[in-house]
Amino acid sequence: MTEKNLETHELRPANHFLRDQIAADVENKTYGDAVLQTRFPPEPNGYLHIGHAKAIFLDFGLADEFGGKTNLRFDDTNPEKEEQEYVDAIQADVRWLGFEWDRLCYASDYFGQLYEWALQLIRAGKAYVDDLSAEEIRQYRGTLTEPGKNSPWRDRSAEENLDLFVRMKNGEFPDGSRVLRAKIDMASPNLNMRDPVMYRILHATHHRTGDQWCIYPMYDYAHGQSDAIERVTHSMCTLEFADHQPLYRWYIEQLGIFPSRQFEFDRLNLTYTMLSKRKLLQLVAEKRVAGWDDPRMPTLSGIRRRGFSPEALRAFCASIGASRTNGTTDIEMLEHFQRDELNRRSARAMAVVRPLKVVIDNYPEGQEEFVEVANNPEDPNAGTRQAPFSRELYIEQDDFRETPPPKYYRLSPGKEVRLRNAYFITAQSVEKDAAGNIAAVHCTYDPLSRGGNSPDGRKVKSTMHWVSARHAITAELRLYDKLFAKPDPYDFPEGGDLFDNLNPNSLEVVHDARLEPSLAAAKPGDRFQFERVGYFCVDPDSSETRKIFNRTLPLKDSWAKIEKKSTPAG
Ligand code: ATP
Ligand code: MG
């Protein structure tokens with residue numbers, strides 16, 4: 001089944017202020033007959049992460065819901081950090097999440113228009129060329145408690161400013177020697193309004209415009225104007241831009257262009273997770289992970305490789321909605337949605353992570369048979385398959401104790417257990433190698449218990465998974481755990497570093513797991529529940545002869561417990 005066939009009921013976002021705002025604007029025709037227009041504006045300086053999924057879900061999801069359109073716009077105004085690789089990966093990730101943009105746009109497409117508008121502001125006496133250095137500009141800006149000081153260059157004539165700005169654009173001046181600033185108010189209580197820089201000189205090659213420009217617009221000057229050009233009605237962004245909103249409005253008002261409006265929502269923070277492209281890039285660059293798509297990374301490409309699905313991510317985004325205050329969401333909540341989806345949809349399989357040989361002494365040598373196994377007990381349409389059974393099997397080392405501790409109900413000498421879908425077996429003796437390690441457990445089986453059913457009403461306390469030794473395939477399992485060991489990765493002692501909190505056990509590789517033979521046909525991306533073990537998916541590093549499985553999640557659902565605890569009964 002493909003993602004497109006899935007039910008989409010969980011796509012409907014919870015009620016929240018953004019949805020109310022848009023509903024009201026549609027109802028009141030705030031923009032007349034103009035279509036509801038949103039945009040998702042990533043900077044192509046890294047791969048998208050789970051936080052971006054939230055923004056994508058709001059931008060695309062709300063537009064879809066209210067009959068609007070969404071552009072994917074690359075906010076590519078920092079040529080030194082941006083690359084085509086990121087542009088391509090971002091498009092793939094947005095589509096993987098299940099969204100399709102109306103127009104594909106680039107802020108760099110607007111460099112010409114932005115430049116014309118800058119000339120307009122200069123002519124109107126609203127912008128000036130400043131010769132102060134970056135450091136001096138910082139000093140003149142003042143602080144939250146002290147007003148700033150006017151630059152000595154603030155009162156240049158419009159003619160002089162025009163001449164200098166054109167020459168800045170023509171490449172006559174070195175990097176950093178001059179900037180263009182908006183002329184607003186150096187005493188404004190909002191630091192963003194203290195004559196913000198509009199353009200800087202940068203002789204850098206841009207991934208799209210090449211060497212055509214040597215001046216580049218700042219985020220604040222480019223963003224709102226790009227919104228206006230695209231006739232964006234609702235420009236949604238995270239709360240750290242709230243202080244920038246007056247400036248966003250100022251440019252639009254001064255230029256008299258399409259009145260796009262900005263709305264801010266809470267940034268997604270997840271426990272045990274770091275959501276910052278800059279820091280994620282550092283993890284990749286320092287080779288602390290295998291790459292942007294390492295299954296431990298919170299990037300969309302990472303969690304995709306880990307086995308997460310767009311359906312679960314959308315359900316998660318729908319449930320978190322949006323708010324006006326920042327908070328932190330438990331990673332268990334995301335995992336809960338992923339387990340729920342995997343439980344409904346993933347095929348079951350038997351896989352033994354740490355194999356222990358079992359020999360059924362009273363089962364004829366050379367004989368084999370096939371037992372019927374349900375592909376997914378949660379899904380009556382998933383059908384069944386045949387699993388081979390024979391005299392020699394593997395079970396988990398953890399499922400046998402020569403000397404069982406109290407309340408240990410799995411296999412031990414003299415104890416009877418059920419092999420799932422197969423037979424009841426009783427452990428009789430232990431065979432050891434020269435070093436004293438257990439080489440095999442000898443058992444007997446009850447032929448009348450075929451299918452795992454009790455022949456006479458006698459009960460066993462444990463049901464275990466197994467594979468037939470002769471038929472099993474050997475595979476590599478990559479057992480992933482959280483990348484950070486602390487709920488708040490930024491909680492490190494003074495003089496320390498975020499990376500001090502990396503979990504040293506975030507990956508354990510098992511080289512010789514034994515899997516039921518049907519898994520030989522699994523393809524990269526296929527997802528399974530290994531019964532009693534966890535959810536796994538096939539890694540693209542697999543070959544025809546050697547399969548590699550990534551653990552998406554273990555089975556236990558700690559979120560369900562947390563949820564139960566925090567929901568009052570009744
Ligand atoms: P990062 O700090 O990871 O680079 P960013 O905000 O600089 O993130 P952009 O590429 O500028 O990344 O983001 C594109 C959009 O995604 C913006 O509207 C931004 O507000 C939103 N976004 C980024 N991170 C999150 C997050 N953690 N939660 C919700 N939205 C986010
Ligand atoms: Mg950014």
Side-chain angles (χ1 to χ4, degrees), residues 13 16-18 38-63 70-78 80-83 85-87 89-91 93-94 97 99 101 105-108 207 217-220 222-224 226-227 230 232 234-245 248 260-285 292 297-303 313-314 316-329 331 333-334 488-490 498:
H16 51 74
F17 77 99
L18 287 172
T38 65
R39 88 286 170 262
F40 171 63
E43 185 181 354
N45 62 349
Y47 282 60
L48 297 183
H49 52 61
I50 305 170
H52 292 110
K54 169 174 174 167
I56 292 169
F57 186 80
L58 290 168
D59 292 329
F60 284 85
L62 289 167
T70 306
N71 295 339
L72 173 59
R73 182 204 312 147
F74 288 103
D75 196 355
D76 55 350
T77 55
N78 284 317
E80 289 164 311
K81 293 186 186 156
E82 297 161 2
E83 288 175 26
E85 176 195 347
Y86 301 138
V87 169
I90 288 170
Q91 293 183 52
D93 285 347
V94 171
L97 260 183
F99 296 106
W101 47 90
C105 306
Y106 295 85
S108 56
H207 69 104
M218 302 300 287
Y219 171 88
D220 283 314
H223 201 86
S226 302
D227 284 344
E230 294 172 22
V232 168
H234 297 78
S235 179
M236 293 173 270
C237 62
T238 35
L239 279 165
E240 69 270 23
F241 293 104
D243 286 348
H244 297 238
Q245 198 190 121
Y248 180 101
S260 300
R261 284 175 306 157
Q262 175 178 304
F263 301 93
E264 305 92 14
F265 61 88
D266 57 324
R267 213 179 165 81
L268 176 67
N269 296 306
L270 281 175
T271 54
Y272 296 98
T273 310
M274 186 205 38
L275 298 174
S276 150
K277 270 188 271 156
R278 193 171 58 84
K279 284 285 175 189
L280 294 174
L281 172 62
Q282 203 181 330
L283 284 173
V284 174
W292 284 101
M297 290 280 272
T299 52
L300 298 185
S301 51
I303 64 171
L313 217 52
R314 290 192 305 253
F316 168 72
C317 289
S319 89
I320 56 176
S323 97
R324 283 187 170 111
T325 42
N326 280 320
T328 299
T329 303
I331 185 81
M333 182 170 167
L334 172 61
D488 176 7
Y490 291 90
L498 178 70

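Both counts, for ligands and for their atoms, begin at 1 and track the order of listing.
Against a heavy-atom cut-off of under 4.0 Å, Phe40 is close to the following atoms of ligand 1: 14 (C), 15 (C), 16 (O). Residue Pro42 has at least one heavy-atom neighbour below 4.0 Å for each of these atoms of ligand 1: 10 (O), 14 (C). Ligand-side atoms of ligand 1 in range of Pro41: 14 (C), 18 (O), range being under 4.0 angstrom from any heavy atom. Below 4.0 Å from some heavy atom of Ser276 lie the following atoms of ligand 1, by number and element: 3 (O).
Using a 3.5 Å distance cut-off with no hydrogens or angles, the side chains of Asp488 and Tyr272 do not pair a donor with an acceptor. A donor atom on one side chain and an acceptor atom on the other are found under 3.5 Å apart for Arg39 and His223. Remark: the Asp76 side chain and the Ser108 side chain contain an N/O donor-acceptor pair separated by less than 3.5 Å.
Note: no N/O pair closer than 3.5 Å links Glu240 and ligand 1 by distance alone. Ligand 1 has a nitrogen or oxygen under 3.5 angstrom from a nitrogen or oxygen of Thr238. Below 3.5 Å of separation, one finds no N or O of Asp266 facing any N or O of ligand 1. Inclusion of Ala55 in the set of residues having an N or O under 3.5 Å from an N or O of ligand 1 is not warranted. For ligand 1, none of its N or O atoms has an N or O atom of Lys54 under 3.5 Å away.
When the heavy-atom distances from atom 5 (P) of ligand 1 to Arg278, Glu43, Arg267 are ranked, the shortest goes to Arg267.
Taking the six-membered ring for Trp and the full ring otherwise, the centers of Phe241 and Tyr219 sit less than 6.0 Å from each other.
By the neighbour-count criterion of 12 heavy atoms within 6.0 Å, atom CD of Glu80 is sparsely surrounded, having that number or fewer from other residues, nucleotides or ligands.
Cation-pi geometry between Arg324 and Phe17 is met: the NZ or CZ atom falls under 6.0 Å from the ring centre, inside 45° of the normal.
Listed for the Asp266 side chain is no donor-acceptor partner under 3.5 Å among the backbone atoms of Ala322.
Distances from ligand 1 to the non-hydrogen atoms of His49 include at least one value under 4.0 Å.
Note: Tyr47 and Trp292 have parallel aromatic rings, judged against thresholds of 30 and 60 degrees for the angle between ring planes.
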